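Since the structure comes first, as structure tokens, the remarks are kept for the end.
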Amino acid sequence: MKILGIETSCDETGVAIFDTDTNSIISEQLYSQASKHAEYGGVVPELASRDHLKKLVPLIDLTINKSGYDLQSIDAIAYTAGPGLRGPLLIGASMAKAISMTINKPSIGIHHMEAHLLINLLENPAPSFPFLTLLISGGHCLLINAKALGDYEILGQTLDDAVGEAFDKVAKILDLGYPGGPKIESLAKEGNPKSFNFPRPMTNKKNFDFSFSGLKTAVYYEFKKIHEIDDYKKADLAASFQAAVADTLLIKTKEAMDSTGLEELVIGGGVASNKYIRSKLVEGLKDKKIYFPPIRRCTDNGAMIAYAGSFYMQDIQESLDLNIRPRWPLSELVNG
Ligand code: KG4
Ligand code: ZN
């Protein structure tokens, strides 16, 4: 069975084909709009919608052509139904429905965060349920007890900014450009992570929630205190901020593993591509099994949507209604 996956929830247009016979992604294309949004310092929803509209059809064509198959060979279409930006989601969903009608094959709406989680199962070795999941992206910071497919207990989440969002905002303060995560990671390599003692928010609380907005503000106040800002000081701020994020994620994740007794940890989302954070988690959780997706599959991509679709093919009962959910808690998945 070949599943065409379409991701358009934010500023990446991702398309891929997952083949259940070979259990692999046989073709994939990814286009990032990041440079288009850079001058505004963040994603502009209207611009994002227009760009998805322009790029989606050529990317679908290219993905299918490069797979060596044709449109008729596709057995189902999976698309991101939420959470995400309304306009961009509608574009992916309507395209999926249009293809579905044209080739008379079913389509299915996928939960974006579940796709970030499930993509880990495509790796070898793969985790097996139940496992703890840390999802760290531009819109979410979640600690989840993943009990079984579709059965996700949210143990904790951010009360304000998501981790990726904090990276993006701190990058804005330091005038590094958008998206902030990769810029901070690369600048931080030149800096000393101990030069500023930023807070490790909520780590003294006996729960698994996060809060990154105060940390971002702490960076802002330190930045304002510096009279002559230069690249060295910016690098120190970036490194110290990144270290505070890594420590916070580690402390909370470790506590959640201890409290649930879960031995395996699955990590996903754009921030999981950060090599410093990856190494801190591996170092701090030496006795646990940790799974990360390959770097290119941490940030948004079509492969994770096509692959997630393969888990839900048997229960497709979709109509042609455009049932997107811009706000869709993972705990409200139908199977949950
Ligand atoms: O998963 P993702 O592509 O989109 C959402 O679902 O939100 O995550 C995007 C977020 C952005 O905030 C971006 O700055 C952050 O992931 N990010 C990173 C890195 N690469 C992307 N954050 C820290 N370090 C990175 N290397
Ligand atoms: Zn994402």
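Every value quoted in this text rests on a predicted model; they were computed, and no experiment measured them. Sequence positions, counted from 1, serve as the residue numbers for this chain. Order of listing sets the numbers, starting from 1, for every ligand and every atom in it.
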At what distance is the nearest protein heavy atom to [atom], and which residue and atom is it?
atom	result
atom 6 (O) of ligand 1	His112 NE2, 3.1 Å
atom 10 (C) of ligand 1	Gly138 N, 3.4 Å
atom 26 (N) of ligand 1	Glu185 OE1, 2.7 Å
atom 25 (C) of ligand 1	Gly181 C, 3.6 Å
atom 21 (C) of ligand 1	Gly270 O, 3.5 Å
atom 13 (C) of ligand 1	Asp168 OD1, 3.8 Å
atom 20 (N) of ligand 1	Ser273 OG, 3.2 Å
atom 3 (O) of ligand 1	Asp300 N, 3.0 Å

| request: Kindly say whether the aromatic ring centers of Phe241 and Phe167 come within a distance under 6.0 Å. | output: yes
| query | Which atoms of ligand 1 are found less than 4.0 Å from any heavy atom of Thr299? | reply | 3 (O), 21 (C)
| Gly139 heavy atoms, cut-off 4.0 Å: which ligand 1 atoms fall inside? | 7 (O)
| Has ligand 1 got any nitrogen or oxygen that is less than 3.5 angstrom from a nitrogen or oxygen of Gly164? | yes
| note | Taking the Zn ion (ligand 2) as the apex, His116 NE2 and His112 NE2 span an angle, rounded to 10°, of 100°
| said: With a cutoff of 4.0 Å, is His116 in contact with ligand 1, counting heavy atoms of the residue only? | reply: yes
| query | Do Tyr31 and Gln33 come within less than 4.5 Å of each other through their side chains, counting heavy atoms only? | reply | yes
Any carboxylate oxygen within less than 4.0 angstrom of a Lys/Arg side-chain nitrogen, looking at [X] and [Y]?
X	Y	answer
Lys147	Glu153	yes
Arg297	Glu28	yes
Asp168	Lys172	no
Asp247	Lys280	no
Arg325	Glu332	yes

| task | Report the name of the N/O/S atom of Asp300 located nearest to the Zn ion (ligand 2). | result | OD1
| Ring-face cation contact, Tyr69 with Lys2, 6.0 Å cut, 45° max | yes
| Is the side chain of Ser27 donor-acceptor paired with the backbone N or O of Ala16 at a distance under 3.5 Å, no angle test? | no
